[in-house]
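Inspection log for the structure reproduced underneath, given as structure tokens.
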Amino acid sequence: MFADELKSLRRLGFRHVLLQILNFASVLTSGLMLWKGLGLFFNTESPIVVVLSGSMEPAFYRGDLLLLTNPPNARYQTGDITVYKVPNAEIPIVHRVLETHDILVSNSTRKSSKDPFAKYAAGPNQLMLTKGDNNHVDDIELYQGLDFLERRHIIGKVRGFLPYIGYVTIAMNDFPQLKYALLGGLGLLALIQRE
């Protein structure tokens, strides 16, 4: 099956194969640069996120692709749909803001062991409680010991979505062989392409 492709690779020569490898690397680095550029422009570590569960149905379904922004000076309001990541958790969570609290933590508050706000960073803070639209209870159990989310836990606010586009990502995570076959196929196509 691959005998013809191997013969054509030998015919093309080392320089052509090297050029194809460099073209493939160029495409990959362009994608990475685009990702990082979008992250800088929208002020978020991840400008695009895929919904992995049904906790936000009917607003978003599993496989929807979400577009995020995280304006540095904007406050989050009750009802905003946010993506957050708590410490020691790998997967970001997409849920709606249920309530917000604005607090000002002073340095003296931080030194007090009895003050409930001593664990928060000094300065103005916005604390948030979230909940999935399809869940019966709020997310305190997901916060891993935190009472509220802080602004630093928020990856971004949902500004738009593309339905079901993210199923490709879900399929590649659920079936790693598919991911390796796809990457291998793309690499092979890049090598045997004659342009």
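When a residue number appears, it is its place in the shown sequence, counting from 1. As the structure is a prediction and not an experimental result, all values here were calculated from the model.
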For this session: Would you check if Ile81 and Met56 make a side-chain contact, meaning some heavy-atom pair closer than 4.5 Å?
Result: yes

Problem set entry | Counterpart residues, side-chain hydrogen bond (donor to acceptor under 3.5 Å, both in side chains), relative to Thr169 (two or more places apart) | none

For this session: Following the transitive rule for hydrophobic clusters with a side-chain heavy-atom cut-off under 4.5 Å over Ile, Leu, Val, Met, Phe, Trp and Tyr, establish whether Phe60 and Leu52 coincide in one cluster.
Result: no

Problem set entry | Smallest separation among heavy atoms of Arg96 and Gly79, with atom names | NH1-O, 3.0 Å

Exercise. About how many Å separate CZ of Arg159 and CG of Asp80, when rounded to the nearest 0.5 Å?
Worked result: 7.5 Å

Seminar exercise, completed: Sequence neighbours excluded, the answer for side-chain contact (heavy atoms from CB on, under 4.5 Å) partners of Thr44 is Phe42, Pro47, Asn70, Ile155

Exercise. Are any non-hydrogen side-chain atoms of Leu149 and Ile154 less than 4.5 angstrom apart?
Worked result: yes

Exercise. Can you check whether Ala171's main-chain N or O pairs, donor with acceptor, with Asp174's side chain at less than 3.5 Å?
Worked result: no

Seminar exercise, completed: Hits for side-chain contact (heavy atoms from CB on, under 4.5 Å) against Glu99, two or more places apart or cross-chain, chain-then-number order -> His101, Leu129, Phe148

Exercise. Atom CG of Asn43 and atom CG of Leu38: how far apart are they, to the nearest 0.5 Å?
Worked result: 13.0 Å

Problem set entry | Val86 versus Leu142, closest heavy-atom pair with distance | CG2-O, 3.6 Å

Seminar exercise, completed: In terms of heavy-atom contacts, Gly54 and Asn134 come closest through O-ND2, 3.1 Å

Exercise. Would Tyr84 and Met128 count as a side chain to side chain contact (heavy atoms under 4.5 Å, CB included) if you check the C-alpha gap in whole Å, the side-chain angles of each, and the deciding distance to 0.1 Å?
Worked result: CA-CA 11 Å; Tyr84 67 88; Met128 290 165 265; over 6 Å; no

Exercise. How about Ile91: does its CD1 atom have over 12 heavy atoms from other parts shown lying under 6.0 Å from it?
Worked result: no

Exercise. To the nearest 0.5 Å, what is the distance between CG (Asp133) and CD (Glu57)?
Worked result: 10.0 Å

For this session: Verify, without hydrogens or angle tests, whether Tyr167 (side chain) and Arg62 (backbone) share a donor-acceptor contact under 3.5 angstrom.
Result: yes

Problem set entry | Donor-acceptor contact below 3.5 Å, side chain Asp102 vs main chain Gln126 | no

Problem set entry | Step-by-step side chain to side chain contact (heavy atoms under 4.5 Å, CB included) determination, Val50 to Asp64 | CA-CA 6 Å; Val50 176; Asp64 288 354; over 6 Å; no

Seminar exercise, completed: Here the gap from Leu127 atom CG to Thr100 atom OG1, rounded to the nearest 0.5 Å, amounts to 9.0 Å

For this session: Would you check if the side chain of Asn125 reaches a backbone N or O of Ile103 as a donor-acceptor pair within less than 3.5 Å?
Result: no

Problem set entry | Distance, nearest 0.5 Å, that separates CG of Leu28 from CG of Asn23 | 11.0 Å

Exercise. Would you say Asn173's side chain and Ile170's backbone share a donor-acceptor pair under 3.5 angstrom?
Worked result: no

For this session: Could you tell me whether Lys131 and Asp139 have a side-chain N and a carboxylate O separated by less than 4.0 Å?
Result: no

Seminar exercise, completed: For Lys85 and Ala89, the nearest pair of non-hydrogen atoms, with its separation, is CE-O, 3.2 Å

Problem set entry | Main-chain N/O of Ile48 paired with Ser46 side-chain donor or acceptor, under 3.5 Å | yes

Problem set entry | Residues that Ser55 engages under side-chain hydrogen bond (donor to acceptor under 3.5 Å, both in side chains), provided they are two or more places apart | Ser53, His95

Problem set entry | Any Leu182 side-chain heavy atom under 4.5 Å of Lys179 side chain | no

For this session: List in chain and number order the residues that pass side-chain contact (heavy atoms from CB on, under 4.5 Å) with Ile165, two or more places apart in sequence or in another chain; answer none if no residue qualifies.
Result: Leu65, Leu162

For this session: State yes or no: do Val51 and Val83 share one hydrophobic cluster built from I, L, V, M, F, W and Y residues joined by side-chain heavy-atom distances below 4.5 Å, directly or via other members?
Result: yes

Exercise. Which heavy-atom pair separates Leu98 from Asp138 by the least distance, and what is that distance?
Worked result: CD2-CB, 4.1 Å

Exercise. Are side-chain heavy atoms of Val158 and Leu68 found at a separation under 4.5 Å?
Worked result: yes

Problem set entry | Derivation and outcome, side chain to side chain contact (heavy atoms under 4.5 Å, CB included), residues Gln77 and Val97 | CA-CA 7 Å; Gln77 305 293 330; Val97 175; over 6 Å; no

For this session: List the atom of Gln144, the atom of Pro87, and the distance in Å for their closest heavy-atom pair.
Result: OE1-O, 2.8 Å

Problem set entry | Phe161 vs Leu67, side chain to side chain contact (heavy atoms under 4.5 Å, CB included): CA-CA, chis, key distance, verdict | CA-CA 6 Å; Phe161 76 102; Leu67 310 171; over 6 Å; no

Seminar exercise, completed: Residue pairs meeting side chain to side chain donor-acceptor pair (under 3.5 Å), one or both in residues 27-41, sequence neighbours left out, come to none

